[in-house]
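Below: one structure, written as structure tokens.
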Amino acid sequence: MTSDIRVMFWFRTDLRLHDSPALQAALSLNPSALFPVWCWDPNYVYKHRVGINRFRFLLESMQTLSDRITEIEPNSQLLVVRGEPTYLLPLLWSRWRITHLVFEKDTSAYGRRRDAAILAAAKTASVIVVAVQGHHLYDPEEVTRRNKGKPTMTISSLQKIADGIGNVPKPLPAPQSLPLPKLTSNLSKRNELLLALAESLKGITNFAVSDDIDLNSSAFGGQRTEKVNCYDSIDGGNGEFSVPSIQSIGMETIENERGNNNDSFKIKGGEAEALTRLEKLCKKPDYIATFSKPNTSPGNSIQDASTTLLSPYLKFGCLGVRKMWWDIEEAKKKYKGTKTTTPPQNLNGQLLFRDMYACAEFAVGDNFTRIRVYDSEGVSITPRPLGDAVSEQRLAAFKEGRTGFPWIDALMRQLKQEGWMHHLGRHSVAAFLTRGQCWISWERGAEIFDEYLIDWDPCSNPGNWMWLSCSAFYSQYFKLYGLVSFPSKYDASGKLVRQYCPELANFPDKFIYEPHAAPLKIQKKAGCIIGVDYPAPILDEKKQKEENMVRMKACFAKQFYGTSEEVLNGTADEILKGSHGISLPSNAKEISSTTPWTIAASKNSTSKLKRKASTEETK
DNA sequence: GTAGAAGTTGATCAC
DNA sequence: AGTGATCAACTTCTA
């Protein structure tokens with residue numbers, strides 16, 4: 001008699017049924033029962049910075065996934081269990097007599113730590129784990145192996161390795177049937193199945209989730225205003241294993257406030273929405289075949305965005321990346337013209353960059369987010385002073401979109417409101433906050449993006465901040481984005497500014513990106529006095545830019561960037577001060593975190609990125 | 001080991 | 001208005 005295969009399919013980075021190599025692997029085990037589980041992890045609720053926009057998108061995507069499962073198998077659904085996965089899942093394995101745990105591989109830092117613990121627990125419990133690559137075009141583990149353990153620091157190195165691996169695999173269709181999540185063979189109706197599952201949870205003791213540090217609470221500048229009660233029970237409190245509500249994560253107030261805004265701007269979550277958007281995109285073969293990132297406009301509003309807006313769906317795996325790759329390839333065939341674009345600037349190139357950051361992060365390991373240039377601020381994720389009041393004021397103004405520079409403010413307000421910003425807009429604001437004007441370390445800016453972006457990615461977000469701050473990936477620090485010239489190139493009329501900074505709406509085009517330069521007469525006519533109705537610039541941008549350029553030059557001359565010893569141990573500032581007479585922001589005191597999700601960087605990580613990286617975390 | 005080329009997406013000015 | 005030269009000069013990759 002063959003053994004009874006009972007699979008727990010653990011959804012994490014893959015809120016979809018199409019193009020899922022992991023789900024395919026689960027079904028190919030030919031299981032007698034399949035439990036589609038989402039573990040509502042308190043680490044995500046409390047220990048990662050997540051604002052309302054991303055939570056909302058996630059919850060919508062979870063609900064859509066659950067509905068889709070039910071569509072295929074009316075007596076099944078997504079089983080949302082609330083708790084720390086390393087604690088809760090092993091209990092469920094035993095209660096549900098699970099033989100196999102199957103999931104899509106998550107190579108990000110938190111994913112690696114969590115899954116290592118899960119793997120160990122599974123070994124103890126004699127549960128067989130099947131982890132399948134599916135979130136990227138290529139497996140970061142394989143890319144790193146082929147790159148001899150080194151991180152992919154340029155797109156060409158990633159492309160070269162990708163060429164060696166071969167074609168991106170073709171997407172898989174969604175399954176046509178799914179086994180039931182049944183505890184005993186005589187059950188087959190959904191309410192009976194759920195009842196039995198809820199019954200099986202009885203007696204699980206010590207079900208406590210720590211909220212000792214809540215990065216999303218208002219104390220940490222987050223958007224949580226009320227108490228979290230989603231952890232009051234494992235199954236949601238009514239035996240339904242339902243998707244948590246906004247209310248249960250303590251963000252109902254902010255959601256209601258947002259509800260008063262224009263609802264049509266919201267980016268809706270879910271697999272169906274993702275596939276619809278992709279389908280629409282593929283009806284524009286000219287757009288796809290000639291797509292060139294540098295020529296897309298960061299000045300468009302979200303309704304007529306010049307890019308695809310598919311990144312949130314890729315982030316949560318609502319859209320399979322292979323599906324996107326091959327549908328694009330197919331659409332290109334319908335292009336009648338002769339001028340086509342190629343990676344890295346075309347759409348395929350954008351997907352390759354996503355892989356590049358994931359592979360680099362995997363190769364560097366836990367030190368990835370410690371890479372920086374020019375100062376040692378912001379190492380810990382707990383709150384800490386920047387070291388001086390001026391920097392704090394600048395950071396706060398930046399986050400709230402009141403720097404007095406309309407291009408920056410419009411982009412930052414768009415980000416907070418919509419959870420999205422055009423890629424080149426992200427370039428503008430990131431360069432402005434770091435090496436350009438404000439001289440604030442990139443982690444503090446990245447934290448704002450952590451909270452506000454729907455498409456936040458654990459590799460791409462820090463990676464791009466490193467890029468723009470010239471901490472890694474990019475080193476041409478003498479290139480900067482103008483606060484007037486750059487946006488004017490795309491939109492001289494300042495449409496985005498007029499939308500997100502309505503107080504400036506009546507300024508003439510000539511002054512829309514620099515209203516502070518307008519004569520008082522024009523300010524009065526526009527009904528907006530600078531310094532009263534709209535902030536005066538928080539800094540002298542030309543002066544700051546020039547000063548910072550000198551600082552950057554000095555940093556690069558001394559090789560104070562990346563993971564150099566002087567940067568990591570905090571002596572870089574002092575040395576620079578001594579040798580150049582430049583006053584750098586005073587060092588913030590590092591508050592080392594003792595929280596379990598943060599693993600302190602190894603002490604011997606003193607060499608440059610290029611010289612290390614071959615040994616760690618490549619197992 | 002070394003030299004030369006290349007590197008997702010600049011700003012400014014001259015014409 | 002749009003193109004092209006110049007600016008200043010980094011790191012990484014390739015031969």
Atom pairs and distances, side-chain donor-acceptor, residues 312-322 of chain A, under 3.5 Å, sequence neighbours left out:
{"residue": "Tyr313(A)", "atom": "OH", "partner": "Lys268(A)", "partner atom": "O", "Å": "2.4"}
{"residue": "Tyr313(A)", "atom": "OH", "partner": "Arg277(A)", "partner atom": "NE", "Å": "3.1"}
{"residue": "Lys315(A)", "atom": "NZ", "partner": "Trp456(A)", "partner atom": "O", "Å": "3.2"}
{"residue": "Arg322(A)", "atom": "NE", "partner": "Asp19(A)", "partner atom": "OD1", "Å": "2.7"}
{"residue": "Arg322(A)", "atom": "NH1", "partner": "Gly134(A)", "partner atom": "O", "Å": "3.0"}
{"residue": "Arg322(A)", "atom": "NH1", "partner": "His136(A)", "partner atom": "O", "Å": "3.4"}
{"residue": "Arg322(A)", "atom": "NH2", "partner": "Asp19(A)", "partner atom": "O", "Å": "3.2"}
{"residue": "Arg322(A)", "atom": "NH2", "partner": "Asp19(A)", "partner atom": "OD1", "Å": "3.3"}
{"residue": "Arg322(A)", "atom": "NH2", "partner": "Gly134(A)", "partner atom": "O", "Å": "2.8"}

Report summary line: Residues passing the salt bridge (charged side-chain N to carboxylate O under 4.0 Å, His left out) test with Lys543(A), sequence neighbours excluded, are Glu547(A)
Query raised in the report: Rounded to the Å, how far apart are Lys489(A) NZ and dT3(C) P?
Result: 12 Å
**Report entry** Results of salt bridge (charged side-chain N to carboxylate O under 4.0 Å, His left out) for Asp491(A) - residues two or more places apart only
**Finding:** none
Report task. Whole angstrom is fine here: how far is it from CE in Met549(A) over to C1' in dA8(C)? Result -> 10 Å
Query - side chain to side chain contact (heavy atoms under 4.5 Å, CB included) partners of Asp163(A), counting only residues at least two apart - result: none
Query raised in the report: On a whole-Å scale, what distance lies between the P atoms belonging to dA11(B) and dT11(C)?
Result: 22 Å
Report summary line: Across all chains, not counting sequence neighbours, the ring pair (Phe, Tyr, Trp, His ring centres under 6.0 Å) partners of Tyr287(A) are Phe291(A)
Query raised in the report: Does a donor on one side chain sit under 3.5 Å from an acceptor on the other, for Gln414(A) and Tyr452(A)?
Result: no
**Report entry** C1'-based separation of dG7(B) from dA8(C) [nearest Å]
**Finding:** 15 Å
Report task. Taking heavy atoms of chain A and a 4.0 Å limit, find me the 5'-most and 3'-most nucleotide of DNA chain B within that range. Result -> dG7(B) to dT12(B)
Query raised in the report: Who are the side-chain hydrogen bond (donor to acceptor under 3.5 Å, both in side chains) partners of Ser156(A), not counting sequence neighbours?
Result: Thr154(A)
**Report entry** Heavy-atom pair of closest approach, residues Pro343(A) and Asn348(A)
**Finding:** CG-CB, 4.3 Å
Query raised in the report: Base, sugar-phosphate, or nothing: which does Phe353(A) touch, judged by heavy atoms less than 4.0 Å apart?
Result: base
Query - Residues forming a salt bridge (charged side-chain N to carboxylate O under 4.0 Å, His left out) with Lys293(A), sequence neighbours excluded - result: none
Query raised in the report: What distance, rounded to whole Å, do you find between the two P atoms, one in dT8(B) and one in dA5(C)?
Result: 22 Å
Query raised in the report: Considering only the C1' atoms, how many Å lie between dT12(B) and dA1(C), rounded to the nearest integer?
Result: 16 Å
Query - Consecutive-pair stems (3 or more, Watson-Crick or G-U, under 3.5 Å) for DNA chain C - result: B:2-7 with C:10-15, B:10-15 with C:2-7
Report task. Go through the structure and list residues passing salt bridge (charged side-chain N to carboxylate O under 4.0 Å, His left out) with Lys280(A), not counting sequence neighbours. Result -> none
**Report entry** d(CE, Met552(A); P, dA8(C)) in whole Å
**Finding:** 18 Å
Show me the protein contacts with nucleotides 13-15 of chain C, counting only N or O atoms at under 3.5 Å.
{"residue": "dT14(C)", "atom": "OP1", "partner": "Lys160(A)", "partner atom": "NZ", "Å": "3.0"}
{"residue": "dT14(C)", "atom": "OP2", "partner": "Lys160(A)", "partner atom": "NZ", "Å": "3.2"}

Query raised in the report: In whole angstrom, what separates Gln476(A)'s CD from dA8(C)'s C1'?
Result: 10 Å
Query - Under the ring pair (Phe, Tyr, Trp, His ring centres under 6.0 Å) test, residues paired with Tyr534(A) that sit two or more places apart - result: none
